[in-house]
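Let me begin by presenting the structure, written as structure tokens, before commenting on it.
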Amino acid sequence: MPELPEVETTRRGLMPHVVGRVIEGVTVRAVRLRWPVPPGLARRLAGARLADIERRGKYLLFRVEASTPGWLIVHLGMSGSLRMVAAGTPAGCHDHLDLSLDNGHVVRLRDPRRFGAVLWHPGDPARHPLLAHLGVEPLSESFTGAWLYRHTRNRSAAIKQVLMDAGLVVGVGNIYANEALFHAGIDPRRPARRLGQARCTRLVEAVRATLERAIAAGGSSLRDFVHADGQPGYFQQHYAVYGRAGEPCRRCGGPIRHLRQGNRSTFFCPRCQR
DNA sequence: CCGACAACCTGTGAGC
DNA sequence: TGCTCACAGGTTGTCG
């Protein structure tokens, strides 16, 4: 279930076990992900040192120190997870990639739907074609009400779909778009350009608060990140509207409505969201 | 430039 | 119990 909070939670969970470690072995069981795992990746990574893990949107960026340094770019797609397991833990049928570290632990990628990606980039990852056109980070200071207002004046599409446009702002997937719009009291169908300054500010604050709350909740489960059968460090949360069609709104008690926008499920309270 | 939509792939749960 | 169908957290690429 990787949206920004899950990716960030994964990053924080991996950091203490991964940063500074040397990769002793690489196992690639499935080459066919969203794009093929680059041939020669295993050879390139073997013996290299993982110097840092950064995040851009929903991409995890592993800085690799080796004779030819570069960045290992990982995207978890719809169903991907990264977790730490002990060396020797048998791989399941959707465990596509292992990085065996010099501390007896293994970074294991599982991705049943294989919408995820594992890529290599020799230079500045911000210049990678997949990352070059990404929008603003929602937890950064540049994401403000004034900024959102300015960048939505020519957008006639529904605010929910605009909010999920990674070229504008990254990391806000279907769940948190639904949740943030509820907390901001905004109808997800409203054309983006019809939002005034004040509502843009409310929405920006709701997005930030929703994401930060989810990260904090995930962070509390990070202690058990290294476990043979451990969960990847995040868990089902308590949603205000997502997945609650027909159930009572937690604020007004009215029924939560379900509809489809751009082939994605939208949940909202018609009474609280205008 | 903007927006709508199909495509990628597998698992799961509802309904019959 | 077993089958079929709709749908699921994301993103790219194509077309109008």
Side-chain angles (χ1 to χ4, degrees), chain A residues 1-11 29-37 55-61 73-83 91-97 109-119 125 128-135 138 150-182 188-194 207 210-211 213-215 217-218 231-246 258-267:
Chain A
M1 47 171 75
E3 294 186 35
L4 187 149
E6 290 75 23
V7 176
E8 178 62 19
T9 295
T10 297
R11 189 186 72 84
R29 299 186 195 82
V31 168
R32 287 250 170 267
L33 301 181
R34 182 74 157 83
W35 295 279
V37 175
R55 178 187 60 73
R56 176 75 174 99
K58 296 171 192 167
Y59 291 89
L60 285 167
L61 311 172
I73 303 177
V74 177
H75 195 288
L76 298 176
M78 288 276 252
S79 59
S81 63
L82 280 174
R83 66 187 74 187
C93 74
H94 299 302
D95 292 334
H96 305 316
L97 184 96
L109 173 71
R110 171 174 299 182
D111 185 5
R113 289 180 75 180
R114 289 192 274 132
F115 286 170
V118 176
L119 302 165
H128 188 280
L130 289 174
L131 282 74
H133 304 290
L134 291 180
R150 206 172 342 122
H151 287 87
T152 47
R153 290 314 86 194
N154 60 342
R155 304 292 295 265
S156 57
I159 182 60
K160 172 161 178 267
Q161 296 181 262
V162 171
L163 201 53
M164 291 174 66
D165 175 3
L168 189 71
V169 51
V170 295
V172 185
N174 198 38
I175 292 178
Y176 296 113
N178 279 298
E179 295 293 296
L181 284 162
F182 172 78
R189 299 166 296 181
R190 173 175 286 267
R193 63 195 309 170
R194 315 296 305 173
V207 166
T210 305
L211 295 178
R213 205 178 315 135
I215 291 171
Q231 292 306 299
Y234 43 82
F235 54 88
Q236 195 71 14
Q237 302 187 38
H238 189 70
Y239 297 128
V241 287
Y242 183 80
R244 299 191 62 241
H258 177 237
L259 52 81
R260 222 143 236 291
Q261 289 181 290
N263 212 27
R264 308 300 298 271
S265 265
T266 293
F267 302 89

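Letters A, B, ... mirror the listed sequences (proteins, then strands); counts begin at 1.
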List every contact pair, protein side and nucleotides 2-6 of chain B side both N or O, where the distance is under 3.5 Å.
{"unit_1": "B:dC2", "atom_1": "OP1", "unit_2": "A:N154", "atom_2": "ND2", "d": "2.8"}
{"unit_1": "B:dG3", "atom_1": "OP1", "unit_2": "A:S156", "atom_2": "N", "d": "2.9"}
{"unit_1": "B:dG3", "atom_1": "OP1", "unit_2": "A:S156", "atom_2": "OG", "d": "3.3"}
{"unit_1": "B:dG3", "atom_1": "OP1", "unit_2": "A:A157", "atom_2": "N", "d": "2.8"}
{"unit_1": "B:dG3", "atom_1": "OP2", "unit_2": "A:R155", "atom_2": "NE", "d": "2.7"}
{"unit_1": "B:dG3", "atom_1": "OP2", "unit_2": "A:R155", "atom_2": "NH2", "d": "3.2"}

Separation of atom [atom1] in [X] from atom [atom2] in [N], rounded to whole Å:
| X | N | atom1 | atom2 | value |
| --- | --- | --- | --- | --- |
| A:M78 | C:dA6 | CE | C1' | 13 Å |
| A:N178 | C:dG10 | CG | P | 10 Å |
| A:D95 | B:dG11 | CG | P | 13 Å |
| A:D111 | B:dT10 | CG | P | 10 Å |
| A:F115 | C:dA8 | CZ | P | 13 Å |
| A:H96 | B:dC8 | NE2 | P | 17 Å |

Side-chain N or O of [X] versus OP1/OP2 of [N]: is the shortest distance under 4.0 Å?
| X | N | result |
| --- | --- | --- |
| A:R32 | B:dT10 | no |
| A:S265 | C:dA8 | yes |
| A:R113 | B:dC8 | no |

task: Using distance alone, with no hydrogens and no angle criterion, decide if A:E179 and A:T210 have a side-chain donor and acceptor under 3.5 Å apart.
output: no

message: Give me the distance, rounded to whole Å, that separates C:dA6 from B:dA6 when you measure between the P atoms they each carry.
response: 14 Å

query: What integer number of Å spans the P atoms of B:dC9 and C:dC3?
result: 24 Å

Atom pairs, protein N/O to nucleotides 11-14 of chain C N/O, distance under 3.5 Å:
{"unit_1": "C:dT11", "atom_1": "OP1", "unit_2": "A:H75", "atom_2": "NE2", "d": "2.6"}
{"unit_1": "C:dT11", "atom_1": "OP2", "unit_2": "A:K58", "atom_2": "NZ", "d": "2.9"}
{"unit_1": "C:dT11", "atom_1": "O2", "unit_2": "A:R34", "atom_2": "NH2", "d": "2.8"}
{"unit_1": "C:dT12", "atom_1": "O4'", "unit_2": "A:R34", "atom_2": "NH2", "d": "2.6"}

query: Would you find a donor on one side and an acceptor on the other, under 3.5 Å apart, between the side chain of A:N178 and the backbone of A:Y242?
result: no

query: Dot-bracket for DNA chain B: what is it, with Watson-Crick or G-U pairs under 3.5 Å, [ ] where a pair crosses earlier ones, and | for a pair to another strand?
result: .|||||||.|||||||

Residue A:R29 excluded, over 12 heavy atoms near CZ under 6.0 Å: yes

